[in-house]
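Quick notes on the structure that follows.
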Amino acid sequence: MKPLLSCLNGDKPNTPPIWLMRQAGRYLPEYRQLRQQAPNFVEFCFNPEMAAEATLQPIRRFGMDGAILFADILLIPHALGCRVRFMEGVGPVFEPITSADALSQTEEWREIVAPVGETVRRVRAALPAETTLIGFAGAPWTVATYLVEGGTSRDHAKTRAWAFSDPVGFDALIQRLVDTTVDYLAMQVDAGADVVQLFDSWAGALPADGIERWSLAPCVAVATRLRERYPQLPVIVFPRAVGPAAAWYATSGAFAGVGIDSSIPPQWAAETLQPHCVVQGNLDPLVLRAGGEALQNSAQSIQRALQGGRHIFNLGHGVVPDTSLEHVGELVRLIRGEV
Ligand code: CP3
C-alpha cells in the first residue's frame, strides 16, 4: 500500500501523506557531499547513480510518503538544444531565445534525457514498498520564461511582451514544449513513476486570461494526453501564485491533485478545490525554517483546515537551503501525530 498514491486515487487516509518540494537538496549534508563529486549540476542530474542516490537521501533520513525524482525542469530545454549552465550564486543561465525555431526539431533530445529514465528505474528498485515515486517536469509556461529571459527573472517582462505582442508565435513555443513534455513524462512513467507533477512556478506572473491560455491550457493538454496513454495515472499540477484561478485547475477534470502556494487560505482550498481533487500544500518554507511554535501552529492549522477532504501535506514552495534537519524531522512526525 502506498498512502500517497491511494490518496490521489480516491482514498481519504486519517493522516495526510507528506512529501516536500525540494526535499532533496542543499539543506542535507549528504547531498552537499554528493554534489561535490559532480563537475556541474547538469552532469549530476544526468548521472543515474548520483541522481538516484540524491532522490533516496531524504527518504532514508525522514521516510516521507513520496520520493521526488532528482532532476530539474530545465533538462528538457537543455536536451532541445538550448544549453543551460547553473552558475554559483546566479542560478540557471541560457542564451535567450526569440523564436520557437531555436528549439531543435530532431529526436536527439530523447537520447539526452534517457539517463533520467535510468534514474527512475534505479529509484524504483530501491524504494520501500510504501513510498510513492513522483516524476515531474516543468510546465510549458515556466520553462518558456527561463528560455526567453535567459534565466531567472523577477517580472518575466520579456516573456510576457512576446506572448502579448505575438501570441501565435509564442503558442508555437508552448506547443513544442507540450509535445516534448508529454513524451518525457511518459518515459518516466514507463520507467516506474507512480505519479507525475507539473511545476508552473511562474504561472502567477500572467494576467487572468494569460493564465488560462499559457498555463492552464498547456497543463491540461499535457495531463489529458498522458491519461490517454495511462488512464490510471494521477497528475498533480502546481500553479504557483495564481490565487483564485487555482479553482480552474481543480475543476478542469485533468488533475488528480492541485498544489497550492502559501498565500492560499487552506479553508478556501477546502471549500473550493477539495470537492474536485486532492489539495497539496501549503506550509510556508520559511515557517519550516523558523521551526518552534510557528511551525507547530501553522502545520496544525493547515492540517485541520484540510482534514475534511483529501490532503497531501507539502510546503507552498521548495525547502530553502538553510533549513535545519531537525525541523524537517519534526514536521514529518507532527503530521503523523507522532509528537
Ligand atoms: O527535491 C526535489 O524537489 C527534486 C529535484 C528538483 C530540483 N529542481 C533540483 C534542484 C526539482 C523538482 C526542481 C524543480 C525546479 N527547478 C523548479 C520548479 C520548482 C520551483 O522551485 O519553483 C524550477 C523553477 C527549477 C529551476 C532551477 N533549478 C533553479 C531556478 C535553480 C537554481 C536555484 C538554486 O536554488 O540555486 C535550480 C537548481 C537546482 N535544482 C538545485 C536543486 C537541488 C540546486 C543546485 C545545486 O544543488 O547546486
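Every number for a ligand or one of its atoms is a count from 1 in the order of the listing.
Within the listing of ligand 1, atoms 20 (C), 21 (O), 22 (O) sit less than 4.0 angstrom from a heavy atom of His317. Atoms of ligand 1 found under 4.0 Å from any heavy atom of Ile68 (numbered from 1 in listed order, with element): 1 (O), 2 (C), 3 (O), 4 (C), 12 (C). Of all atoms in ligand 1, listed by their number and element, those nearer than 4.0 Å to a heavy atom of Tyr31 are 43 (C), 46 (C), 47 (O).
Looking only at heavy atoms of the protein, atom 22 (O) of ligand 1 is closest to Ser201 OG, 2.5 Å. When only non-hydrogen protein atoms are considered, atom 48 (O) of ligand 1 lies nearest to Arg35 NE, 2.8 Å. From the protein, the heavy atom lying nearest to atom 13 (C) of ligand 1 is Arg22 NE, 3.8 Å. The closest protein non-hydrogen atom to atom 14 (C) of ligand 1 is Ile73 CG2, 3.7 Å. When only non-hydrogen protein atoms are considered, atom 32 (C) of ligand 1 lies nearest to Pro92 CD, 3.8 Å. Protein heavy atom nearest atom 11 (C) of ligand 1, with residue, atom name and distance: Phe136 CZ, 3.6 Å. The protein heavy atom nearest to atom 37 (C) of ligand 1 is Phe86 CE2, 3.4 Å.
Between Asp183 and Arg110 there is a salt bridge, with a side-chain nitrogen of the basic residue lying less than 4.0 Å from a carboxylate oxygen of the acidic one. The pair Asp65-Arg336 counts as a salt bridge, with a side-chain nitrogen and a carboxylate oxygen less than 4.0 angstrom apart. A salt bridge is absent between Arg333 and Glu330: the closest approach of a Lys/Arg side-chain nitrogen to an acidic carboxylate oxygen does not fall below 4.0 angstrom. Between Arg83 and Glu95, no side-chain nitrogen of the basic residue sits less than 4.0 Å from a carboxylate oxygen of the acidic one, so the salt-bridge criterion is not met. A salt bridge links Arg124 and Asp194; the closest N-O separation between the charged side-chain nitrogens and carboxylate oxygens is under 4.0 Å. Salt bridge Arg60/Glu53: present, at least one basic N to carboxylate O contact under 4.0 Å. Electrostatic pairing of Arg225 and Glu228 does not count as a salt bridge here, judged by no charged N lying under 4.0 Å from a carboxylate O.
Where the criterion is an N or O separation shorter than 3.5 Å, residue side chain and backbone included, Arg240 fails it with respect to ligand 1. Checking only distances, Trp202 never comes within under 3.5 Å of ligand 1, N or O to N or O. Between Ala24 and ligand 1, a contact under 3.5 Å exists for at least one N or O pair. Considering backbone and side-chain N/O of Asp72, one or more are found under 3.5 Å from N/O of ligand 1. The N/O atoms of Thr152, backbone and side chain alike, include none that comes under 3.5 Å of an N/O atom in ligand 1. Inclusion of Gln23 in the set of residues having an N or O under 3.5 Å from an N or O of ligand 1 is warranted.
Using a 4.0 Å heavy-atom cutoff, Ala71 is listed among the residues neighbouring ligand 1. Ligand 1 has Tyr146 within reach: a non-hydrogen atom of the residue lies less than 4.0 Å from it. Distances from ligand 1 to the non-hydrogen atoms of Gly318 include no value under 4.0 Å. Using a 4.0 angstrom heavy-atom cutoff, Leu69 counts as in contact with ligand 1.
Trp202 CH2 to Thr142 OG1: the interatomic distance, rounded to the nearest 0.5 Å, is 8.0 Å. Taking CZ of Phe136 as the reference point, atom CZ of Phe199 lies at 6.0 Å (rounded to 0.5 Å). Rounding to the nearest 0.5 angstrom, the gap separating the OG1 atom in Thr55 from the CD atom in Gln23 is 9.0 Å.
A 6.0 Å sphere centred on CD of Glu338 holds more than 12 heavy atoms belonging to other residues, nucleotides or ligands.
Contacts between Phe44 and ligand 1 below 4.0 angstrom, taking non-hydrogen atoms only, are absent altogether. If you look at Arg26 next to ligand 1, the close heavy atoms, those under 4.0 Å, all belong to the side chain.
Remark: among candidates Tyr27, Phe70, Phe199, Phe41, the nearest residue to atom 39 (C) of ligand 1 is Phe41, based on non-hydrogen atoms.
Ring geometry for Phe70 against Tyr31 counts as tilted: the plane angle lies between 30° and 60°, on a 0 to 90° scale.
Aromatic pair Trp214/Phe170: ring centres closer than 6.0 Å.
Contact check for Tyr146 versus His156: no side-chain heavy atoms found under the 4.5 Å cut-off.
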